[in-house]
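Once you've had a glance at the structure underneath, I'll fire off some questions.
In this text the structure is predicted, and so the values were computed from the model without any measurement. Proteins get letters first, then strands, A, B, ... in listed order; numbering begins at 1 in each. Values below: all heavy atoms of this structure, side chains included; hydrogens, waters and symmetry mates excluded.
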Number of protein chains: 2
Amino acid sequence: MTDSGLRRELQDLPRTDPAVDQLVEEIIGRVADKWTMLLIEILTERECCRFGELAKACTGISQKMLTQTLRAMERDGLVTRTVYPVVPPKVEYRLTELGLGLSKAFCGVWLWAEANFETIDRARQDYTARQEAGQV
Amino acid sequence: MTDSGLRRELQDLPRTDPAVDQLVEEIIGRVADKWTMLLIEILTERECCRFGELAKACTGISQKMLTQTLRAMERDGLVTRTVYPVVPPKVEYRLTELGLGLSKAFCGVWLWAEANFETIDRARQDYTARQEAGQV
DNA sequence: CTGGATCCATAATGATACTG
DNA sequence: CAGTATCATTATGGATCCAG
């Protein structure tokens with residue numbers, strides 16, 4: 001059995017318009033991003049987060065990329081940004097319905113990663129070993 | 001009803017080891033990438049592809065990133081790379097079982113993007129409109 | 001004191017030319 | 001055809017500065 005056309009099978013839709021394909025690919029390009037996905041995950045677990053919390057929870061991200069990614073997510077309607085006019089400043093981020101939908105969709109990838117991280121680790125070791133063996 | 005802990009619920013596993021979490025996040029970081037996901041999709045639809053075919057099918061990618069991404073995918077065990085010692089050279093790429101698993105996992109995100117691209121487009125317009133209204 | 005903007009150094013990516 | 005090498009461009013990180 002072949003897995004060709006897997007996506008088409010699953011969605012059971014009439015052939016997609018090429019122009020739509022382009023839009024969809026653009027969205028995948030924006031959304032298939034390390035920080036976006038990590039932030040979505042964090043915002044799914046703790047549904048409401050301040051900027052500083054996100055900075056701590058999202059290991060390795062710089063303030064700049066955090067701001068930048070959150071802005072892009074807000075622009076795409078994935079999160080809402082609520083500014084409380086208090087001092088010190090307080091800004092809360094929360095997933096929208098749309099963002100939650102993406103979270104659920106991406107959930108499968110987290111499960112895949114958790115189920116297969118050992119396999120991947122082994123693959124990397126094998127690859128490195130083959131590399132070293134090859135260049136002798 | 002809250003969606004907090006969505007991932008944990010769905011996987012129904014004992015609490016994950018922090019060290020494992022780090023590995024998993026590293027894998028998500030590697031795999032949640034525009035070109036990787038586009039290539040996975042292409043290799044799912046046409047299960048066996050030559051370098052040139054991938055270059056044409058993967059709109060906007062540079063040769064450099066194509067090579068680089070394919071190498072990383074090979075290293076992680078997502079694709080196999082078969083070199084035929086003929087002239088002109090012929091190299092075929094094909095998803096492994098692991099890569100196919102990722103493809104299936106990511107399928108949900110494609111469906112989400114196809115179902116919601118209009119919503120996202122509207123969100124972007126609204127955002128831009130609000131921006132312009134705000135800075136008057 | 002938090003959220004975030006700005007500036008500079010560095011790393012990643014793109015474009016093009018070239019090679020086995 | 002399937003890359004590699006080189007250089008221009010862009011994205012990101014890190015530190016600092018600023019407004020509320």
Exercise. CD of A:Glu92 versus P of C:dG3: gap in Å, rounded?
Worked result: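 Rounding to the nearest Å, CD of A:Glu92 and P of C:dG3 are 10 Å apart.
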Problem set entry | Side-chain N or O of B:Arg50 closer than 4.0 Å to phosphate OP1/OP2 of D:dA2 |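 Yes, such a contact exists.
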Exercise. What nucleotide among D:dG3, D:dT12, C:dC1 has an atom nearest to a side-chain atom of A:Pro89?
Worked result: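 The answer is C:dC1, which lies nearest to the side chain.
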Exercise. Is the closest side-chain heavy-atom distance between A:Phe51 and A:Thr67 below 4.5 Å?
Worked result: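 Contact flag for A:Phe51/A:Thr67 side chains = yes.
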Problem set entry | Pair A:Asp76 + B:Arg124: basic N to acidic O under 4.0 Å |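 Yes, this pair counts.
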Problem set entry | Between P of D:dG20 and CZ of A:Phe51, the distance in whole Å |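 Going from A:Phe51 (CZ) to D:dG20 (P), I get 18 Å.
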Problem set entry | Rounded distance in Å - CZ (A:Arg30) to P (D:dA11) |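 In whole Å, D:dA11 P lies 13 Å from A:Arg30 CZ.
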Exercise. Can you check the A:Met65 CE to D:dG14 C1' distance for me, whole Å?
Worked result: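 It is 14 Å, rounded to the nearest whole Å.
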For this session: Let me know, please, whether A:Val87 or A:Val83 comes out on the 5' side of the other along DNA chain C by nearest nucleotide.
Result: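 Result: A:Val87.
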Problem set entry | Phosphate OP1/OP2 of C:dG4: any A:Tyr93 side-chain N/O under 4.0 Å |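 Looking at the OP1 and OP2 atoms of C:dG4, one of them is under 4.0 Å from a side-chain N or O of A:Tyr93.
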Exercise. Rounded to whole angstroms, how far apart are CG on A:Leu54 and C1' on C:dG4?
Worked result: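 In whole Å, C:dG4 C1' lies 14 Å from A:Leu54 CG.
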For this session: Return the value, rounded to whole Å, for the distance between atom NZ of A:Lys34 and atom P of D:dT12.
Result: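 Atom NZ in A:Lys34 sits about 11 Å away from atom P in D:dT12.
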Problem set entry | B:Arg94 with B:Glu74: basic N within carboxylate O range, under 4.0 Å |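 Looking at B:Arg94 and B:Glu74, the cut-off is not met.
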Exercise. Mapping B:Leu70 and A:Asp33 to their closest nucleotides on DNA chain D, which lands nearer the 5' end?
Worked result: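 Residue closer to the 5' terminus by nearest nucleotide: B:Leu70.
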Exercise. To the side chain of B:Val91, which of D:dG13, C:dA5, D:dG3 is closest?
Worked result: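 Closest of the options to the side chain of B:Val91: D:dG3.
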For this session: Would you mind telling me which of C:dG20, D:dG3, D:dC7 lies closest to the side-chain atoms of B:Arg71?
Result: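 My answer, after comparing the listed nucleotides, is D:dG3.
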Problem set entry | 5'-most by nearest nucleotide on DNA chain C - A:Arg81 or B:Gln63 |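 Taking each residue's closest nucleotide, the earlier one in sequence belongs to A:Arg81.
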Exercise. Starting at the 5' end of DNA chain D, which residue's closest nucleotide do you reach first, B:Lys64 or B:Glu53?
Worked result: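 Looking at DNA chain D, the more 5' nearest nucleotide goes with B:Glu53.
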Problem set entry | Distance in angstrom units between A:Gln68 CD and C:dT6 P, rounded |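 Checked: the CD to P distance equals 13 Å.
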Exercise. Among D:dT12, C:dC1, C:dA17, which is the nearest nucleotide to the side chain of A:Pro88?
Worked result: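 Side chain of A:Pro88 sits closest to C:dC1.
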Problem set entry | Gap between atoms CG and C1', on B:Leu66 and C:dA15 respectively (whole Å) |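 In whole Å, C:dA15 C1' and B:Leu66 CG are 15 Å from each other.
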Exercise. Any side-chain heavy atom of B:Leu38 sitting closer than 4.5 Å to one from A:Glu25?
Worked result: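 The answer is yes, as the side chains (C-beta and beyond) meet within the 4.5 Å cut-off.
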Problem set entry | Hphob cluster co-occupancy, B:Val83 + B:Leu43, side-chain heavy atoms under 4.5 angstrom |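 Same hydrophobic cluster.
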